[in-house]
There are 2 protein chains.
Amino acid sequence: MSQSAQIRRGLQALRQKFRARYRSPGTSSQPDLHSKKSSYICANAIPLHSHQNCIEQDSYVSRKASRKTAGKTPDIRTVAALAKVSIATVSRTINGSPLVSERLSKRVWQAIRQLNYFPNTHARTLVSGRSRLFGIIVENITNPFFPELIQSFEEIAVAHGYEILVSSSNSDPIVLTQCVRRMLERKVEGVAVMTFGEEEPVLDQLVHRNVPIVLAEFKLDDPKASTILLDYSTGIHEAVNHLVTLGHSKIAFLAGPHKLHSAITRENDFRTAMKAARLPIQKEWIIECDHTLKGGVAGFGNFRSLAKRPSAVICSNDMTAIGVLRAAYLEGLRVPQDLSVIGLDDIDFAEFTLPALTTICLSRADLAHAAFEALRQQAENPNDPNRKREFLVSTRLVVRASTAAPSTSKR
Amino acid sequence: MSQSAQIRRGLQALRQKFRARYRSPGTSSQPDLHSKKSSYICANAIPLHSHQNCIEQDSYVSRKASRKTAGKTPDIRTVAALAKVSIATVSRTINGSPLVSERLSKRVWQAIRQLNYFPNTHARTLVSGRSRLFGIIVENITNPFFPELIQSFEEIAVAHGYEILVSSSNSDPIVLTQCVRRMLERKVEGVAVMTFGEEEPVLDQLVHRNVPIVLAEFKLDDPKASTILLDYSTGIHEAVNHLVTLGHSKIAFLAGPHKLHSAITRENDFRTAMKAARLPIQKEWIIECDHTLKGGVAGFGNFRSLAKRPSAVICSNDMTAIGVLRAAYLEGLRVPQDLSVIGLDDIDFAEFTLPALTTICLSRADLAHAAFEALRQQAENPNDPNRKREFLVSTRLVVRASTAAPSTSKR
DNA sequence: GTGCACTTTCAAAACGATTAAATCTGCAGA
DNA sequence: TCTGCAGATTTAATCGTTTTGAAAGTGCAC
C-alpha cells in the first residue's frame with residue numbers, strides 16, 4: 001500500500017513536471033529582437049498545444065487554454081515565457097531585487113509593458129503576508145469632516161503604495177464590529193479608528209489578531225495601538241478669549257454626544273477655559289447635542305424658554321454650529337449682531353456659511369498624516385519596540401464673520 | 001538524468017506526503033464531547049511534535065510551529081484538526097454545501113466558533129476567482145452628494161456580502177487611470193463609475209480586462225457596460241414651470257463644467273424647458289461654472305456687470321446654488337425676495353441652507369441601488385446575454401424657501 | 001458473502017505570486 | 001586541468017483556500 005502510494009506519487013510528480021514544461025523550451029541563441037517576437041507567438045499559442053497525447057492532463061490544459069483564449073489577464077508565467085526567464089526572475093525584477101542583471105531586467109520590463117501585466121494583489125498578499133491595505137473607520141461619512149479626512153488619508157496612502165478600505169460606523173457598535181470583521185477578513189495591516197471615542201467594542205478583536213491600530217484621542221495600553229492626542233484646549237481657550245475680548249460674558253456650549261470621549265474632552269476644555277477667564281458657567285447653557293445639523297437646531301431651541309439667554313455659543317463641532325446659525329435665522333436673531341457663534345473642525349464648508357463661521361480649526365490633513373504614519377510605523381516595523389507612538393494634533397481659532405461684540409442695548 | 005530526476009521527485013512527493021500528516025491521526029472512536037476536548041488539545045499541541053526524527057521536515061514544521069505559538073490567526077487546517085475532519089469538509093460546511101452531513105456540520109461550526117475563525121479572503125479570491133469586491137469611483141468626495149452616494153452603495157453592497165473600494169478622481173484623468181489600475185490589481189468584480197461624464201480614459205482598461213462597468217449617464221457600446229440614465233428633464237421642467245408660475249421670466253442657468261456629459265445634458269434640458277415655456281434664453285445668463293461652491297460664488301458674480309439681470313437662477317448642482325446664496329448675501333440681495341435660487345441634487349445639506357434651498361432631487365439611494373444591481377447582475381451572470389441593462393433614475397422638484405415671486409417693484 | 005448503487009469523506013491540484021535553496025556559469029588561482 | 005568562489009538564474013516550496021476525482025462507508029438485494 002505505502003509502496004503503491006509511493007509509485008503513484010512518483011507518477012504525479014512526473015506529470016506535474018511535464019505540465020510545467022508547457023512553455024516552449026526555445027533556442028536560447030536567437031538574437032534579442034527576434035526571440036521576443038517568437039516567444040510572444042509561442043505564449044499565445046499555448047491553446048494549440050491542447051491536443052496532446054497525454055490524456056490525464058487534458059482537463060488541465062484545456063481549462064488553461066480556454067482561459068488563455070478568453071485570455072484577458074496575463075500572469076507572471078506569461079511574462080516569464082515572453083521574456084524567456086523564470087517566474088522568479090520576473091518577481092525579482094518587479095520587486096526591484098538587486099539580484100537581477102541589467103540585461104534581464106530590461107527584457108522583463110519590456111515583456112511586462114508589452115503584455116500590460118500587473119501582479120495579482122491577492123496572490124502577493126497570500127504569500128508575502130502583506131496586504132498593503134489600511135482600514136479607516138469613521139463615525140459618519142455624511143459629516144463633511146470625514147470625507148475630507150478620508151481624502152487626505154487616501155492621498156497619503158496611495159502615494160505610499162497602500163490602498164484603503166473605508167467604513168462608517170454610524171455610531172452603531174454592531175455596525176462597527178462588522179466593519180472590523182470585514183477588515184480583518186481582508187487582512188488589513190492596520191486600522192485607523194476615527195470615531196473619536198466609541199472604540200471599545202472593536203479593540204478586542206483587533207488587538208487579539210495583532211493588527212496595528214491608531215486611535216484618535218483614546219489611549220490604549222497596548223503596544224500595537226498608537227494614539228493621536230488632540231489638543232482642543234488651545235483652540236477652545238482662544239475661542240473663549242476671543243469672545244471675552246469682544247465683550248461677551250454669557251457664553252453657552254453645545255456639546256457633542258456624551259458617549260464620545262472627544263465630546264466630553266471638548267466640554268471639559270470649555271469649562272476649564274471659562275474658569276480661566278473667570279466667567280460663570282450656567283448649567284442650562286451647556287447642552288448635549290449629537291454633532292449633527294439637526295441636533296444643533298434642536299439644541300439651540302432649548303435657550304428659547306430661558307429668562308437669561310447667552311450672547312455667544314461655542315459648539316462642539318461645525319455641523320452643530322451650522323444648525324445654530326439656522327435656528328437663529330429662523331428665530332429672527334441676526335448673527336453676529338444678536339448672537340455670536342463659534343464652531344469646531346473648520347470643515348471646508350465653514351467658510352461659506354451665512355455668515356462665514358468663526359471656528360476652531362482641527363486639521364484633517366494633520367490628522368490623516370499622523371494616522372497614516374502611526375500605522376505605517378507599526379506595519380513596517382512589527383518588531384520595533386518603539387513602534388507605538390503618540391502624535392499630537394493641535395487646534396487654533398479661525399476668526400470669520402459669525403462673531404462680533406454683543407449689542408449691549410438689546411441684551 | 002531523467003531517471004534520477006524521477007527518483008528525486010518520488011522522494012520529494014514522499015516528504016510532502018509526510019508533512020501533510022503533521023496533524024495527529026487521533027482515534028475516531030471517542031465519544032463526541034470528549035473527542036472535542038482531546039482534539040482541541042491536540043491542535044494546540046502541534047508545536048510539541050516538532051522534535052520528530054525526520055530531519056528534512058524540521059524547517060517546515062518549526063516554522064509552522066512558531067507561527068502557531070505566536071498563533072493569532074487560525075486557518076482552515078486548525079479548524080479541521082479541531083473538528084477532526086478534513087479541510088475540504090470545513091470548506092464545504094462554510095460554503096453551505098449539501099454534501100456535508102448534519103452531524104459533521106455541527107461539529108465544524110462548533111470548532112469555527114471556538115477558534116473565532118474566518119476564512120482568508122485573499123486565498124478564497126485566488127482560487128475561486130471571485131473577489132466580492134466592487135469599486136466605486138466618484139468625482140469628488142468632498143462634494144456631499146458623493147459621500148451620501150457612497151454610503152448608500154456601501155450599505156447595499158455589505159448587505160449582499162460585497163466589499164467596496166472607494167476612489168475619487170478629482171476630475172483628473174491621470175488620477176482616474178491610477179484608480180482603475182489599483183482596482184484592477186485588487187481584482188474588483190465591477191466598477192461603478194460615478195464621475196458623470198469623463199469616463200472615456202478608463203473604459204479601455206476595464207473593458208479590455210473584461211470587468212463589468214456601470215456608468216452614470218454615458219452609454220457605451222459594450223456588453224459589459226450597463227448604463228444608468230438620469231432623467232434630469234422632468235425635474236428641470238418642473239423647476240422652470242415652478243418659476244414661471246411664480247411670475248419669473250428672467251431665468252439664468254449656472255452650468256457645470258462642460259467636460260462632464262451630465263453638465264451638458266443638464267444645460268440642454270434647461271434650454272428645452274425654457275423653449276417649452278416660451279421664454280427667451282439670454283446668452284449671458286448661461287454661465288459655465290465648476291460644480292463647486294466657490295465656482296457658484298464666482299459664476300454669480302458675472303451678473304453684477306449686466307444691465308439686465310435675471311430674477312431667478314437655476315444651478316447645475318446644489319454646491320453651485322449654495323455659492324449663489326452666499327454671493328447674493330454678500331451683495332445684499334435677499335433670497336427669495338430679490339432673487340430665486342434653485343439647485344440640483346438635493347444633498348442633505350440643502351434643507352439647512354439659509355434660506356432652505358428649493359432644489360431638484362436626484363436620489364442617491366436610487367442611484368446607488370441601480371449601480372449595485374447593474375454590477376451584481378453582470379458579476380454573477382457572466383454569460384447571461386441580457387446582463388447588460390439600462391436603469392433609469394428620475395428627478396423631481398423639491399420646493400423649499402429659496403424661491404418666491406419676484407418683487408416687481410424692484411426689477 | 002458478494003455486488004451494486006448511493007452517500008459521505010478525503011487527498012491533491014490549482015489559484016498567482018514570493019523566496020529560500022539549489023544549480024549553473026565564469027573566472028581566478030593552484 | 002581542476003577546484004573554489006562569486007554572482008546570476010532557476011527550481012520548488014509555500015501562503016490559505018476551493019474544488020474535483022478517487023476512496024471509503026452504508027444499505028440492500030441477490
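Lettering follows sequence order; numbering is per chain, from 1. Computed from a prediction, not measured in an experiment: that's the story for all the values here.
- Evaluation of the side chain to side chain contact (heavy atoms under 4.5 Å, CB included) rule for Ile213(B) yields Val193(B), Leu203(B), Leu206(B), Val207(B), Leu215(B), Ala225(B) as partners, not counting sequence neighbours.
- In this structure, the salt bridge (charged side-chain N to carboxylate O under 4.0 Å, His left out) partners of Glu185(B), at least two apart in sequence or on a different chain, are Arg181(B).
- Look at CD1 on Ile76(A): it is 16 Å from P on dA12(D), rounded to the nearest Å.
- Considering only residues two or more places apart in sequence or on other chains, Thr93(B) meets the side chain to side chain donor-acceptor pair (under 3.5 Å) condition with none of them.
- Every residue two or more places apart in sequence or in another chain that forms a side chain to side chain contact (heavy atoms under 4.5 Å, CB included) with Glu373(A) is listed here: His369(A), Arg376(A), Phe391(A).
- Contacts of Arg124(A) classified as side chain to side chain contact (heavy atoms under 4.5 Å, CB included), with partners at least two apart in sequence or in another chain: Ile94(A), Asn95(A), Pro119(A).
- Checked against side chain to side chain donor-acceptor pair (under 3.5 Å), Gln178(B) has no partners two or more places apart in sequence or in another chain.
- Here Asn210(B) contributes atom CG and Gln378(B) contributes atom CD; the two are 10.0 Å apart, rounded to the nearest 0.5 Å.
- The stretch residues 179-189 of chain B has no heavy atom under 4.0 Å from DNA chain D, so no residue of it qualifies as close.
- Between Leu115(B) atom CG and dG16(D) atom C1' there is a gap of 15 Å when expressed in whole angstrom units.
- The ring-ring contact (aromatic ring centres under 6.0 Å, His included) contacts involving residues 86-132 of chain B comprise His122(A)-His122(B), where partners must be two or more places apart or lie in separate chains.
- Taking the screw axis at each terminus of the helix from dG1(C)-dC30(D) to dA30(C)-dT1(D) from five consecutive base pairs, the angle between the two is 80° to within rounding of 10 degrees.
- If you check residues 117-130 of chain A against DNA chain D, the residues with a heavy atom closer than 4.0 Å are Leu126(A), Val127(A), listed by number.
- Only Ala88(A), Ser91(A), Arg92(A), Asn95(A), listed by number, bring a heavy atom of residues 88-103 of chain A to less than 4.0 angstrom from any atom of DNA chain C.
- Rounded to a whole Å, the CD1 atom of Ile87(B) is 17 Å from the P atom of dC15(C).
- Following rounding to the nearest Å, Asp75(B) (CG) and dT14(D) (C1') show an atom-to-atom distance of 13 Å.
- Rounded to whole Å, the distance from CG on Leu104(A) to P on dT25(C) is 14 Å.
- Residues satisfying the side chain to side chain contact (heavy atoms under 4.5 Å, CB included) test with Ser128(A), not counting sequence neighbours, are Arg130(A).
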